[in-house]
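It should be emphasised that the depicted structure is a prediction, and the values quoted were computed from it without experimental measurement. Positions are given from 1 along the sequence. Numbering of ligands and ligand atoms starts at 1, following listing order.
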Amino acid sequence: MNRCFSKPHQKLVILTLKIRKMITAEMPVKFERRKHKDDILLALYKNILKPRMIEEKMLLLLRQGKIAKWFSGIGQEAISVGVATALEKEEYILPMHRNLGVFTTREIPLNRLFSQFQGKPGGFTKGRDRSFHFGTQEYKIVGMISHLGSQMGVADGIALAHKLKQDKKATVVFTGDGGASEGDFHESINTAAVWDLPVIFVVENNGYGLSTPSNEQFRCKQFIDKAIGYGIEGVQVDGNNVLKVYETVKKIAEDIREKPRPVLLECITFRMRGHEEASGTKYVPKELFDTWGRKDPVQNFERFLLDEGVLTEELIEEIRTSFKKEIEKGLEIAFAETSPNPNTTLELKEIYKEFAPSSIQVSGSKSSKRLIDAVSDGMRLAMRKHHNLVLMGQDIAEYGGVFKITEGFVEEFGKERVRNTPLCESAILGAGFGLSINGYKAMVEMQFADFVSEGITQIVNNLAKSHYRWGQNADVVVRMPTGAQVAAGPFHSQSNEAWFFHTPGLKIAYPAFPSDAKGLLLSAFEDPNPVMFFEHKALYRSITEDVADDYYTIPFGKARLVREGRDVSIITYGLGVHWALEVLNQHPEISADLIDLRTLAPLDKEAILESVKKTGKAFVLHEDTLTGGIGGELAALIAEECFEHLDAPVMREGSLDTPVPMNADLEHNFLPRKRFEEKLLRLIEY
Ligand SMILES: Cc1ncc(C[n+]2csc(CCOP(=O)(O)OP(=O)(O)O)c2C)c(N)n1
């Protein structure tokens with residue numbers, strides 16, 4: 001059974017296999033003093049008592065209507081506290097919604113925590129996100145977003161950065177047993193296993209996911225069984241025993257700092273309150289509360305320390321009194337704070353981290369490059385400039401990627417920075433964010449833009465929102481080989497830029513020419529914000545230009561005026577630019593401004609409006625399907641801003657509202673090229 005494990009892995013696995021007797025509710029919490037000194041036992045006691053006392057106060061405030069919502073971790077405190085006490089302060093922890101003890105053990109001032117709970121400016125998100133949904137570099141905590149599972153890929157990225165820096169640090173990420181059903185659990189553990197990342201995946205197995213009991217959530221008897229499937233070690237502990245959790249995490253962390261690899265730590269525990277306070281606990285049999293009540297992690301530890309003579313009744317009273325005061329003081333400060341004063345300019349500004357690309361103009365020698373060469377060249381130069389840039393994608397290493405863009409990269413930059421990934425889009429995008437949190441830049445190549453649907457949460461909820469939420473930028477470029485006209489059918493041809501156009505916090509580039517592709521890509525790598533970088537597959541090898549060989553950047557938000565004219569403004573991007581050029585070449589009688597947007601976010605509104613005001617007619621063209629495409633937004637903008645200048649209705653054309661058909665004739669019919677020409681002639685005649 002052990003033969004699939006390499007030597008260093010065997011020890012703990014054997015340990016796992018020996019614990020065939022699963023930890024159950026009936027087993028009493030058993031503490032063993034071993035060689036622990038009084039000060040660590042006392043520290044653990046204080047660390048576990050404080051979140052309990054805060055929780056009790058929160059329940060009181062909830063009943064008084066002074067706070068709106070509360071996710072209780074009562075009964076599970078030993079896990080948060082054991083973990084946070086065991087780790088070094090510089091090691092990242094990624095907690096969930098029942099881990100108040102992580103925040104308190106890391107000694108976040110209570111007034112800041114309470115301000116955060118109330119959406120006050122003194123918190124960590126300027127009132128923009130709730131309760132535990134925040135991160136702080138100061139305390140090395142990366143709090144959850146609501147989407148369960150998504151934290152685990154982020155932990156992979158943080159750990160990868162540590163491994164690359166060789167700074168011997170462990171990372172801990174939490175999940176509930178319910179959250180472990182998410183695909184991210186599988187993807188992230190699998191990736192961590194393949195890459196030997198020093199992550200402890202802590203599963204807080206409390207028997208329920210909201211109201212759904214374990215037997216309706218998974219079939220395995222215990223989570224450590226899953227570890228075997230991933231080829232990693234699994235360890236199970238009594239999650240109500242703070243000393244056991246502390247000892248175990250300390251030991252694993254010491255071990256994986258030296259020999260980086262992931263470990264799954266299953267903590268058996270029970271949630272003594274509802275999922276959140278309003279949802280109740282009717283679905284839980286009363287006997288379970290009685291049984292687990294006897295295993296209370298705070299009371300049992302307190303009794304043990306009294307027996308050991310580490311605590312006395314007087315000392316307990318003293319500690320309680322001081323915590324009570326600290327809590328009251330924290331609440332007083334938080335309640336006295338006024339709510340944030342909405343400032344629309346600031347709200348809009350802070351979706352991005354401030355950035356201006358280095359203004360390096362095109363200079364020096366030029367050579368003929370196809371769009372694909374320009375992308376490859378841009379990436380190579382970026383890798384030479386940014387030594388902290390890591391490339392990740394399927395088959396991008398020795399194989400060079402399916403389009404051969406990274407051919408030869410492994411030889412120049414090595415496998416640590418040019419990484420083949422398992423087929424785990426979500427975990428890898430999450431890892432990109434984690435790398436950024438821990439000081440790196442990341443490029444994630446989607447093998448085809450279509451497959452980004454597998455990682456959508458990481459992009460639209462993690463990468464896009466984190467700067468606005470807690471000031472953490474996501475220095476990630478997601479490269480997206482996109483588009484049709486390649487007879488590749490519904491799943492290798494889609495245009496999905498509109499999915500991201502609608503998401504505040506992302507930047508979107510979509511070059512139509514090789515020179516733009518290179519300059520924009522180099523800007524994207526400089527930019528500390530998340531960039532979706534669309535590369536049209538049909539343009540990869542069909543468009544050639546003389547492109548500067550040196551490093552240069554092109555700023556985002558500046559459209560390119562490809563043709564200048566009087567009678568109509570054609571606004572488009574990507575393949576649309578080349579369709580428009582073709583049509584204009586066939587109709588020399590049409591005098592048109594042809595605007596290539598180059599980036600969709602930020603959008604060069606000025607260039608659009610200025611041109612339409614001049615010509616009085618506007619045509620918006622894109623390859624994406626018409627309904628809900630970007631053209632609708634542009635048409636609305638023009639109608640609102642240029643109404644008095646227009647001599648005709650704003651026209652737009654896009655692909656048919658169907659999936660992309662495979663057959664070349666059907667695909668030709670699907671794409672807007674022909675309809676665009678007809679409609680443009682009508683617009684000119686209007
Ligand atoms: C992706 C996703 N789906 C659904 C939810 C709604 N939801 C929030 S908590 C929860 C149950 C979580 O159970 P578990 O992971 O076991 O953690 P516990 O609450 O028991 O600590 C659900 C279904 C969510 N937040 N994210």
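Ring geometry for His97 versus Phe71: interplanar angle over 60°, hence perpendicular rather than tilted (30 to 60°). The aromatic rings of Phe114 and Phe117 are tilted relative to each other, their planes meeting at an angle between 30° and 60°. In this structure, Phe223 and Phe218 have perpendicular ring planes: the angle between them is above 60°, well past the 30° mark.
Considering only non-hydrogen atoms, atom 5 (C) of ligand 1 lies nearest to Leu148 out of Leu148, Asn99, Thr457. The nearest non-hydrogen atom to atom 1 (C) of ligand 1, considering only Glu204, Arg98, Glu182, comes from Glu182.
The shortest N or O to N or O distance between His147 and ligand 1 is not below 3.5 Å.
Under 4.0 Å from ligand 1, the heavy atoms of Asn206 that appear belong solely to its side chain. In Gln76, neither the side chain nor the backbone holds a heavy atom less than 4.0 Å from any atom of ligand 1. Counting heavy atoms under 4.0 Å from ligand 1, residue His97 touches it through the side chain alone. Of the heavy atoms in Phe71, none comes closer than 4.0 Å to ligand 1.
From the protein, the heavy atom lying nearest to atom 16 (O) of ligand 1 is Gly178 N, 2.7 Å. Distance from atom 13 (O) of ligand 1 to its nearest protein heavy atom, with residue and atom name: Gly209 CA, 3.2 Å. Nearest to atom 9 (S) of ligand 1 among the protein's heavy atoms is His275 CE1, 3.0 Å.
Glu425 and Gln447 share no side-chain donor-acceptor pair at under 3.5 Å. Side-chain contact annotation: Gln76 with Asn206, donor-acceptor N/O pair under 3.5 Å present. Between Gln472 and Ser466, the side chains place no donor N or O within less than 3.5 Å of an acceptor N or O (distance only, hydrogens not considered).
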Intermediate values then yes/no, salt bridge (charged side-chain N to carboxylate O under 4.0 Å, His left out), Glu266 and Lys226: CA-CA 10 Å; Glu266 177 178 13; Lys226 296 200 182 201; over 6 Å; no

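Annotation for ligand 1: atoms under 4.0 Å from non-hydrogen atoms of Gly176 are 14 (P), 15 (O), 16 (O), 17 (O). In the vicinity of Leu210, heavy-atom distances shorter than 4.0 Å reach the ligand 1 atoms 11 (C), 13 (O). Taking every heavy atom of Gly179 and a limit of under 4.0 angstrom, the matching atoms of ligand 1 come to 14 (P), 15 (O). With ligand atoms numbered from 1 in the order given, ligand 1 contributes 24 (C), 25 (N), 26 (N) to contacts under 4.0 Å with heavy atoms of Ser146.
Between the side chain of Lys140 and the backbone N or O of Gln137 there is at least one donor-acceptor pair closer than 3.5 Å. Remark: side-chain polar atoms of Asn241 are not paired, donor with acceptor, to backbone N or O of Val29 under 3.5 angstrom.
Protein heavy atoms are found inside the 4.0 Å sphere centred on atom 22 (C) of ligand 1.
Aromatic pair Phe451/His492: centroids less than 6.0 angstrom apart.
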